[in-house]
Amino acid sequence: MVDTVFYKHNGAKTIKEIAAIADAVLITEGKEKEQIENVCSIESAGSQDICFFYDKKNKDKATHIKAKACITTEELARFIPDGVIVLTCSNPKLSFIHLVSNFYSENKPVPQISPNATIAKTAKIGKNCSIAAGVVIEDDVVIGDNCIIEPNAVISSGCKIGNNCRIGNNASIAYCLMGNDCYIYTGARIGQDGFGFSVVNGQHKRIPQIGRVIIGNDVEIGANTCVDRGALDDTIIGDGCRVDNLVQIAHNDKIGKCCILVAQTGIAGSCTFGDYVVCGGQTGFADHLNVGSGAQVGAQSGVMRDIEPGAIVMGTPTVPFKDFMRQVAFLQKNSKK
């Protein structure tokens, strides 16, 4: 059950309304006017709830459904118990997104500027923004319309943030140009120095980092993730990227559009990713690598060479996924001798 202390419940809906929202077809006849109170997981849904079932591997779970209604695929509808209202669609995961978004919404702050925020006189703030207590916005910052800046966030001099963006509490943004519809999560660090040093007379001398961070539209950057600004060239994150928590993106990296970087991924400096690259958790990249569009890198992999477009690789050092599985099978077989 969703806790309405944290999320606003937007009211019950009829099966007919749900079918329209979820782009689903009602299979159980005569149930259009039945009311549904909540969207729940298959395990927790009760007599007034709707759930989703789309995992054929766990079809045994369907026999225990106690929900009033269930959205599934045509193929899996036969597993739903009698007495449960059945709706089918081609993509239950997408239907889930639409339905949850209609049933519940976050308690967003009222658009207003806290008197306890510190905003430079030269900063420009767009319409309908919410700026919380403890926020610091420095000189010449430009923030677009409908933005939410949460408590204690710091936006440093000259940064530009587009419309409909959200900056999480205690995040810091510096040397950054950001597009529209971005979400920078709690504690993220955008635009700090890259890790650049040169050994001079036996000492590590800091190399000045004088680039920027350019973030496209519709980008999410997770909690406590760090994106370093460029040394000379900019660090770039393309439109539609999803960056998980605790990710390191180093100076001069170029990340294409719609890439997914899962938690604890670490990318050394001057790497270039194509579009739609997927990196599993704890993947690590040496510097100056090229990763082709559509490549997939398995969790805990160590990447030391370029990756061709569309390749699926895993291991340390990475090899094609099938070769990795052969290595695992070989080790398992021979370790028993």
Legend entry - Smallest separation among heavy atoms of G269 and D287, with atom names: O-CB, 3.1 Å
Inset, instruction - May I ask whether I36 and V100 are part of the same hydrophobic cluster, defined by side-chain heavy atoms of I, L, V, M, F, W, Y residues being less than 4.5 angstrom apart, directly or through others? - result: yes
Legend entry - Any side-chain heavy-atom pair of S105 and N10 under 4.5 Å: yes
Inset, instruction - Could you check if a side-chain atom of V25 sits within less than 4.5 angstrom of a side-chain atom of L87, using non-hydrogen atoms only? - result: no
Inset, instruction - Without swapping roles, check the side chain of S301 against the backbone of V297 for a donor-acceptor pair under 3.5 Å. - result: no
Inset, instruction - Drop me the distance from Y185's OH to N169's CG, to the nearest 0.5 angstrom. - result: 13.0 Å
Legend entry - Distance, nearest 0.5 Å, that separates SG of C147 from CD1 of I167: 7.0 Å
Inset, instruction - Would you indicate whether the side-chain heavy atoms of H98 and D23 approach each other to under 4.5 Å? - result: no
Legend entry - Check: L94 main-chain N/O paired with N91 side-chain donor or acceptor under 3.5 Å: yes
Inset, instruction - Would you confirm whether the ring centroid of H251 sits within less than 6.0 angstrom of the ring centroid of F195? - result: no
Legend entry - Backbone N/O of A231 and side chain of N252: donor-acceptor pair under 3.5 Å: yes
Inset, instruction - May I ask you to check if K257 and Y276 form a cation-pi contact, with NZ or CZ under 6.0 angstrom from the six-membered ring centre and within 45° of the axis? - result: no
Inset, instruction - Verify side chain to side chain donor-acceptor pair (under 3.5 Å) between Q264 and Q282, making sure each step is shown before the conclusion. - result: CA-CA 5 Å; Q264 296 184 355; Q282 296 185 328; 2.6 Å; yes
Legend entry - Nearest-0.5 Å distance, CD1 of residue I143 to CD1 of residue I161: 5.0 Å
Legend entry - Any donor-acceptor N/O pair, N163 side chain to G144 backbone, under 3.5 Å: no
Legend entry - Connected via hydrophobic side-chain network under 4.5 Å: V86 and F53: yes
Inset, instruction - Please find out if less than 6.0 Å separates the ring center of F52 from that of F96. - result: yes
Legend entry - N/O donor-acceptor pair under 3.5 Å between S157 side chain and V141 backbone: no
Inset, instruction - Would you mind reporting whether H204 and S198 have side-chain heavy atoms less than 4.5 Å apart? - result: no
Legend entry - Test item: D49 side-chain N/O and A67 main-chain N/O as donor-acceptor pair under 3.5 Å: no
Inset, instruction - Return the set of residues passing side-chain hydrogen bond (donor to acceptor under 3.5 Å, both in side chains) with E29 (not counting sequence neighbours), or none when no residue passes. - result: none
Inset, instruction - State whether a side-chain donor-acceptor pair under 3.5 Å links N164 with N146. - result: yes
Inset, instruction - Using the rule that two of Ile, Leu, Val, Met, Phe, Trp, Tyr join whenever any of their side-chain heavy atoms come within less than 4.5 Å, decide whether Y175 and I155 are in one cluster. - result: no
Legend entry - Flag if over 12 foreign heavy atoms under 6.0 Å of CZ, R212: no
Legend entry - Common cluster, I190/V247, ILVMFWY with side-chain heavy-atom separation under 4.5 Å: yes
Legend entry - CD on Q209 to CD1 on I207, rounded to 0.5 Å: 7.0 Å
Legend entry - T283: which of T316, T265, T318 passes side-chain hydrogen bond (donor to acceptor under 3.5 Å, both in side chains): T265
Inset, instruction - Answer yes or no: is there a donor N or O on one side and an acceptor on the other, between the side chain of N217 and the main chain of G179, under 3.5 Å? - result: no
Legend entry - Salt bridge present between R206 and D193 (N-O < 4.0 angstrom): yes
Legend entry - Salt bridge flag under 4.0 Å for residues E34 and K16: no
Inset, instruction - Answer yes when D55 and K93 have at least one side-chain N-carboxylate O distance shorter than 4.0 Å, and no when they do not. - result: no
Inset, instruction - Applying side chain to side chain contact (heavy atoms under 4.5 Å, CB included), run through I85 and I15 and close with a yes or a no. - result: CA-CA 9 Å; I85 300 169; I15 290 293; 4.2 Å; yes
Inset, instruction - Kindly work out whether a path of hydrophobic side-chain contacts (I/L/V/M/F/W/Y, heavy atoms less than 4.5 Å apart) joins V262 to I221. - result: no
Inset, instruction - State, with a plain yes or no, whether a side-chain heavy atom of N152 is found less than 4.5 Å away from one of V135. - result: no
Legend entry - C279 vs I260 side-chain heavy atoms within contact, under 4.5 Å: no
Inset, instruction - Could you tell me whether the side chains of Y104 and N38 share a donor-acceptor contact shorter than 3.5 Å? - result: yes
Inset, instruction - Enter the distance from M314:CE to K322:NZ here, rounded to the nearest 0.5 Å. - result: 16.0 Å
Legend entry - Any donor-acceptor N/O pair, N107 side chain to F6 backbone, under 3.5 Å: yes
Inset, instruction - Could you check if a side-chain atom of I119 sits within less than 4.5 angstrom of a side-chain atom of E138, using non-hydrogen atoms only? - result: no
Inset, instruction - Return yes if a side-chain donor-acceptor contact under 3.5 Å exists between Q192 and D228, otherwise no. - result: yes
Inset, instruction - Apply salt bridge (charged side-chain N to carboxylate O under 4.0 Å, His left out) to K13 and E37, showing your working. - result: CA-CA 7 Å; K13 293 173 174 49; E37 294 290 335; over 6 Å; no
Legend entry - Flag side-chain contact, heavy atom, 4.5 Å: L177 against I215: no
Inset, instruction - Check for a donor-acceptor pair, side chain of D275 on one end and backbone N or O of G256 on the other, with a separation under 3.5 Å. - result: no
Inset, instruction - Output yes when R166 and E150 qualify as a salt bridge under the 4.0 Å nitrogen-oxygen rule, no when they do not. - result: yes
Inset, instruction - Return the set of residues passing side-chain hydrogen bond (donor to acceptor under 3.5 Å, both in side chains) with K57 (not counting sequence neighbours), or none when no residue passes. - result: none
Inset, instruction - Verify whether the ring centers belonging to Y7 and F103 lie closer than 6.0 Å. - result: no
Legend entry - Atom pair OG1 (T122) and CG (D140), whose distance is rounded to the nearest 0.5 Å: 4.0 Å
Inset, instruction - Please check if the side chain of D306 supplies one atom and the backbone of N290 the other of a donor-acceptor pair under 3.5 Å. - result: yes
